[in-house]
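The structure under discussion appears below in the form of structure tokens.
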Amino acid sequence: MTNRSFLFFLPTKTFFGVGVTQGIGELCAQKRVMVVTTGLRRTGILNRIIREAGTPADLIVFDEIEPNPTCESVDKGGFLARVNEIEVIIALGGGSALDAAKGIACLRDEREELLDASSGIRSYLSGERAFTRRHTQLIAIPTTSGTGSEVTNVAVFSDPANRLKKSIVSPWFWNDYAYVDPELTLTVPDKHTAATGLDALVHAVESYWALSSTPFSEPIALEAIKLILDNLTQGYRNPEDRVARMNLSLGSLMAGIAFSQTRTTILHALSYPLTVDYHLEHGFACSVLLKPMLQTNAPLIPEKMARLLDYLGSPSLDALLERIEGLMQSINAPTRLSTVGVQEEELESIADQTMRSPITKLNPKSFTREELVDWLKEYR
């Protein structure tokens with residue numbers, strides 16, 4: 001049953017539409033600015049954002065963020081932001097850049113007494129510490145339609161040395177501003193369009209079925225699901241289709257808003273070992289078991305499923321499952337664990353890591369460890 005007692009909180013001032021990034025200049029004027037990004041130099045997007053930043057007092061670019069940002073790169077960015085007395089951080093890119101910038105901004109502003117040899121992001125990832133403040137302004141400019149990180153207080157970091165990928169939820173991770181320009185997604189490669197689009201779809205679906213969903217989050221999630229289902233194949237096959245790109249950007253943004261209120265559930269918990277141990281793209285890791293999990297959860301949420309089917313114009317659950325299968329095939333996304341190299345004897349480890357994640361408890365179907373292992377075997 002939908003939770004009728006709820007809080008809706010979204011402090012990020014969000015701008016959506018073609019050309020909205022022109023507004024960042026007034027936020028950067030006479031400030032010391034750092035752009036946190038990935039490999040966007042060759043696309044021209046980085047140069048465009050630097051131009052639109054206008055007349056900062058100083059501007060440096062930190063572009064050493066990897067896919068699934070590591071503790072080491074975030075620590076390095078935090079150090080550079082501190083020694084350069086950065087006042088504004090612009091996060092430019094996909095989820096990796098946006099998540100990394102949140103950690104970098106908070107590390108830049110952490111209290112002096114905590115700055116010792118063990119004060120990197122790893123100590124916050126482990127739960128030994130929690131961020132207590134952030135003064136540096138955070139501006140998020142996504143260049144993909146998938147993560148939703150521009151409107152959430154969640155960031156995910158990787159610790160390869162300890163084979164760990166984990167999220168941090170912090171009130172200091174809300175961006176101050178988000179600028180979502182669909183035009184920035186036109187150069188995204190087709191595989192990345194597929195992976196990020198599926199990530200956004202899973203955000204929306206998990207927010208909708210989550211035990212923590214609310215009367216505010218559900219309609220936002222429904223529209224996000226529809227926008228992504230209706231446009232992802234077109235955006236993948238015709239990357240310069242501006243209508244499809246606009247709708248995917250809007251769907252991703254709405255999915256981010258929805259799960260910022262509810263969090264995600266078991267599919268994201270399952271994705272962490274799949275990205276760390278099998279190097280599967282995050283969106284593919286989240287979605288590879290979407291169809292069977294929807295089939296498993298559906299009988300437990302009959303009223304929600306009826307609304308979902310009606311909203312999508314789907315005559316039955318089977319028809320929706322076939323549509324999802326067809327979508328994933330059309331964009332060359334994996335639909336079985338066996339196709340990404342997962343062996344049956346490895347399923348117990350995946351289940352163990354999944355069960356340790358708190359968001360697993362938000363799934364309609366409550367699994368024991370043994371039930372999850374058996375379920376993974378059935379759908380491997």
Shortest non-hydrogen contact from [X] to [Y]?
X: S149; Y: D99; value: OG-OD1, 2.6 Å
X: A210; Y: T265; value: CB-CG2, 3.7 Å
X: V18; Y: D181; value: CA-OD1, 3.3 Å
X: G146; Y: D199; value: O-OD2, 3.7 Å
X: P273; Y: Q353; value: CB-OE1, 3.5 Å
X: A195; Y: E281; value: CB-CB, 4.1 Å

Check: [Y] main-chain N/O paired with [X] side-chain donor or acceptor under 3.5 Å:
X: T368; Y: E371; result: yes
X: N231; Y: L227; result: yes
X: T185; Y: T144; result: no
X: S207; Y: A204; result: no
X: T37; Y: L92; result: yes
X: E206; Y: I266; result: yes

Within this structure, what is the [atom1]-[atom2] distance for the pair [X] and [Y], rounded to the nearest 0.5 Å?
X: T152; Y: R263; atom1: OG1; atom2: CZ; answer: 10.0 Å
X: F284; Y: T335; atom1: CZ; atom2: OG1; answer: 11.5 Å
X: R129; Y: I168; atom1: CZ; atom2: CD1; answer: 12.5 Å
X: D241; Y: Y236; atom1: CG; atom2: OH; answer: 15.5 Å
X: I90; Y: L59; atom1: CD1; atom2: CG; answer: 6.5 Å
X: K166; Y: R356; atom1: NZ; atom2: CZ; answer: 10.0 Å

Could you tell me whether the side chains of [X] and [Y] share a donor-acceptor contact shorter than 3.5 Å?
X: S338; Y: R380; value: no
X: N297; Y: N363; value: yes
X: Y278; Y: E346; value: yes
X: N175; Y: T12; value: no
X: S330; Y: T233; value: yes
X: S145; Y: S249; value: yes
X: S96; Y: E66; value: no
X: Y177; Y: Q137; value: no
X: S73; Y: E64; value: no

Could you tell me whether the side chain of [Y] reaches within less than 4.5 Å of the side chain of [X], counting heavy atoms only?
X: K226; Y: L222; answer: no
X: L267; Y: S287; answer: no
X: I45; Y: R48; answer: no
X: M254; Y: F16; answer: no
X: L289; Y: W375; answer: yes
X: S260; Y: L10; answer: yes
X: I331; Y: L198; answer: yes
X: V288; Y: L274; answer: yes

Is it the case that one hydrophobic cluster holds both [X] and [Y], taking links as side-chain heavy atoms less than 4.5 Å apart, direct or via other members?
X: V154; Y: L98; value: no
X: I104; Y: L125; value: yes
X: L362; Y: L270; value: no
X: I141; Y: V35; value: yes
X: I49; Y: V188; value: no

ILVMFWY clustering at 4.5 Å (side-chain atoms), partners of V156: Y272
I'd like to know if [X] and [Y] make a salt bridge, using a cut-off of under 4.0 Å between side-chain N and carboxylate O.
X: R32; Y: E87; result: no
X: E110; Y: R82; result: no
X: R122; Y: E128; result: no
X: R369; Y: E348; result: yes
X: K76; Y: E72; result: no
X: D277; Y: K165; result: no
X: D230; Y: R323; result: yes
X: R134; Y: D109; result: no

Applying ring pair (Phe, Tyr, Trp, His ring centres under 6.0 Å), name anything that partners W174, two or more places apart in sequence or on another chain. F9
List the residues meeting ring pair (Phe, Tyr, Trp, His ring centres under 6.0 Å) with F131, not counting sequence neighbours, and say none if there are none. Y124, F173
Is the number of heavy atoms from other residues, nucleotides or ligands under 6.0 Å of [X] [atom1] greater than 12?
X: E303; atom1: CD; value: no
X: E345; atom1: CD; value: yes
X: F15; atom1: CZ; value: yes

Pair L376-L337, side-chain contact (heavy atoms from CB on, under 4.5 Å): steps then yes or no: CA-CA 9 Å; L376 290 170; L337 292 178; 4.1 Å; yes
List the steps and the verdict of side-chain hydrogen bond (donor to acceptor under 3.5 Å, both in side chains) for S213 and K304. CA-CA 11 Å; S213 70; K304 279 190 178 183; 2.6 Å; yes
Start with the C-alpha distance between V205 and I225, add both sets of side-chain angles, then the distance that settles side-chain contact (heavy atoms from CB on, under 4.5 Å), and finish with yes or no. CA-CA 7 Å; V205 171; I225 293 168; 3.9 Å; yes
Before you tell me yes or no, could you show the steps for T187 and T143 under side-chain contact (heavy atoms from CB on, under 4.5 Å), namely the whole-Å CA-CA distance, both residues' side-chain angles and the distance that decides it to 0.1 Å? CA-CA 9 Å; T187 58; T143 61; over 6 Å; no
Determine, step by step, whether L290 and L201 satisfy the side-chain contact (heavy atoms from CB on, under 4.5 Å) criterion, reporting the C-alpha distance in whole Å, the side-chain angles of both residues, the deciding distance to 0.1 Å, and the verdict. CA-CA 10 Å; L290 169 59; L201 178 62; 4.0 Å; yes
Does NZ or CZ of K377 lie under 6.0 Å from the centre of the six-membered ring of Y379, at an angle within 45° of the ring axis? no
